[in-house]
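Presented below is the structure to which this report refers.
Start at 1 with the first residue, then count along the sequence.
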Amino acid sequence: MLPYYLISSARAGSTALARILDLSSSGACACEPYPNLDKEGRLYMDGLLDRETALEEMRSQVLSRVRKGMENHGVYGEKNLCYGPFLKDLHAEQECRFIHLHRDGREVVTSLMNWH
């Protein structure tokens, strides 16, 4: 089995999907596990973090955790909004799958404004 990454914009329903996937008895789906490359992703995207440093952070923070998750659960996934700048690198480093949720931007804004 291959690990998977659940990718989306904020307020697209990814947390709900991750929780549903985590209910499965045949695998696990972590919801924004820490550390999550939030600072590194921003710096990498803005060109303020060199590629090798960014890749080393990704390997140590994410890939090591994903390997352990696969060993422990057989099927393992992670939901994280911060992985966007690393998608190409995640795919190059390991055989994996991506689940991308798309939501109309108007609904995202409405959800952000009315979340209470």
Where do [X] and [Y] come nearest, in terms of heavy atoms and distance?
X: Glu32; Y: Asn80; result: CA-ND2, 3.9 Å
X: Val66; Y: Pro3; result: CG1-CB, 3.5 Å
X: Leu90; Y: Cys96; result: O-SG, 4.0 Å
X: Leu63; Y: Glu93; result: CD1-CB, 3.6 Å
X: Gly41; Y: Phe86; result: CA-CE1, 3.5 Å
X: Ser9; Y: Ala12; result: O-CB, 3.4 Å

Donor-acceptor pair, distance only, cut-off 3.5 Å: does the side chain of Asp22 make one with the backbone of Ala18?
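No; zero donor-acceptor contacts below 3.5 Å.
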Report yes or no: does Ser60 contribute a side-chain atom to a donor-acceptor pair with the main-chain N or O of Glu57 at less than 3.5 Å?
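Looks like yes, one N/O pair under 3.5 Å.
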At what distance, to the nearest 0.5 angstrom, does [atom1] of [X] lie from [atom2] of [Y]?
X: Leu21; Y: Ser14; atom1: CG; atom2: OG; result: 11.0 Å
X: Asp50; Y: Thr53; atom1: CG; atom2: OG1; result: 3.0 Å
X: Arg97; Y: His91; atom1: CZ; atom2: NE2; result: 9.5 Å
X: Ser25; Y: His73; atom1: OG; atom2: NE2; result: 12.5 Å
X: Met70; Y: Lys68; atom1: CE; atom2: NZ; result: 15.0 Å
X: Asn36; Y: Leu81; atom1: CG; atom2: CG; result: 9.0 Å

Can you name the residues that form a ring pair (Phe, Tyr, Trp, His ring centres under 6.0 Å) with Tyr5, not counting sequence neighbours?
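Per chain and number, Tyr5 pairs via ring pair (Phe, Tyr, Trp, His ring centres under 6.0 Å) with Tyr83, Phe98.
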Identify, with sequence neighbours excluded, every residue that meets ring pair (Phe, Tyr, Trp, His ring centres under 6.0 Å) alongside Tyr4.
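Ring pair (Phe, Tyr, Trp, His ring centres under 6.0 Å) list for Tyr4, sorted by chain: empty.
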Can you find a pair of side-chain heavy atoms, one from Tyr44 and one from Met58, that are under 4.5 Å apart?
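No, their side chains stay 4.5 Å or more apart.
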With side chain to side chain contact (heavy atoms under 4.5 Å, CB included) as the test, would you mind laying out the steps for Thr110 and Glu107 before giving the verdict?
CA-CA 5 Å; Thr110 300; Glu107 293 176 359; 5.6 Å; no
Working note: Leu101 + Leu6, criterion side chain to side chain contact (heavy atoms under 4.5 Å, CB included); need CA distance, chi angles, decisive distance, verdict.
CA-CA 8 Å; Leu101 295 182; Leu6 181 53; 4.1 Å; yes
For Lys79 and Leu17: C-alpha separation, side-chain torsions, deciding distance, then whether side chain to side chain contact (heavy atoms under 4.5 Å, CB included) applies.
CA-CA 9 Å; Lys79 173 258 186 191; Leu17 180 57; over 6 Å; no
Taking everything shown except Met1 itself, do over 12 heavy atoms lie less than 6.0 Å from its CE?
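Count not over threshold, so no.
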More than 12 foreign heavy atoms under 6.0 Å from CZ of Arg59: is that the case here?
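Check passes, neighbour count above 12.
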Salt-bridged, Arg42 to Asp46, with N to O below 4.0 Å?
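Yes.
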Whether Glu78 and Arg65 form a salt bridge (side-chain N of Lys/Arg under 4.0 Å from carboxylate O of Asp/Glu) is what I want to check.
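Result for this pair is yes, salt bridge flagged.
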Please answer: with hydrophobic residues joined when any side-chain heavy atoms are less than 4.5 Å apart, are Leu87 and Leu37 in the same cluster?
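Yes, Leu87 and Leu37 fall within the same hydrophobic cluster.
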